[in-house]
Amino acid sequence: QVQLVESGGGLVQAGGSLRLSCAASGRTFSSSAMGWFRQAPGKEREFVAAISWNGGTTDYADSVKGRFTISRDNAKNTVYLQMNSLKPEDTSIYYCAARATFTQYIRRPDYNVWGQGTQVTVSS
């Protein structure tokens with residue numbers, strides 16, 4: 001079973017950048033598809049980005065496409081979310097999650113394992 005720990009959140013001004021990291025433990029990380037989701041107060045958890053086990057396939061929500069980049073380093077058991085040109089509406093708790101396969105349903109939040117989340121706050 002994979003366990004996930006996010007880091008890298010913080011307070012940044014609009015237009016700034018942050019890089020989130022998600023460190024995984026467990027032998028199945030390198031074969032798992034990984035995703036990033038976010039949830040703002042009073043809102044449902046929403047899909048942000050996902051990446052296949054080898055990094056060959058990625059998917060992004062329209063709201064972050066062109067600004068965010070998901071990547072992974074299987075040697076380090078880590079997945080990243082580089083966030084550029086941040087906007088106040090990007091303010092949320094960001095969660096990484098793992099699932100067995102990258103499918104057409106990758107945007108659904110039915111992942112097997114979740115991290116505890118990291119807060120990102122973008123000031124205007």
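- Taking the six-membered ring where the residue is Trp, Phe37 and Phe47 present perpendicular rings, their angle passing 60° and hence far from 30°.
- Using a distance-only test at 3.5 Å, with no hydrogens or angles considered, a donor-acceptor pair links the side chain of Tyr111 to the main chain of Ile106.
- Between Trp114 and Arg45 there is a side-chain heavy-atom pair separated by less than 4.5 Å.
- Atom CG of Leu86 and atom OG1 of Thr91 lie 8.5 Å apart (nearest 0.5 Å).
- A donor-acceptor distance shorter than 3.5 angstrom exists from the side chain of Thr103 to the backbone of Tyr105, with no hydrogens or angles considered.
- Side-chain contact between Leu20 and Glu6 is absent, with no heavy-atom pair separated by less than 4.5 Å.
- Using a cutoff of 4.0 Å between basic side-chain nitrogens and carboxylate oxygens, Asp90 and Lys87 are not scored as salt-bridged.
- Annotation: cation-pi pair Arg72/Phe29 present, NZ/CZ under 6.0 Å from the ring centroid and within 45° of its normal.
- Here the side chain of Arg107 pairs a donor or acceptor atom with the backbone of Tyr60 at under 3.5 angstrom.
- Here the straight-line distance linking atom CE of Met34 with atom CD1 of Ile51 works out to 9.5 Å at 0.5 Å rounding.
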Which is it for Phe102 and Asp59 under the side-chain contact (heavy atoms from CB on, under 4.5 Å) test, yes or no, and what are the steps along the way?
-> CA-CA 10 Å; Phe102 190 107; Asp59 189 27; 4.0 Å; yes
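- By the 4.5 Å heavy-atom criterion applied to side chains, Trp36 and Val79 are counted as neighbours.
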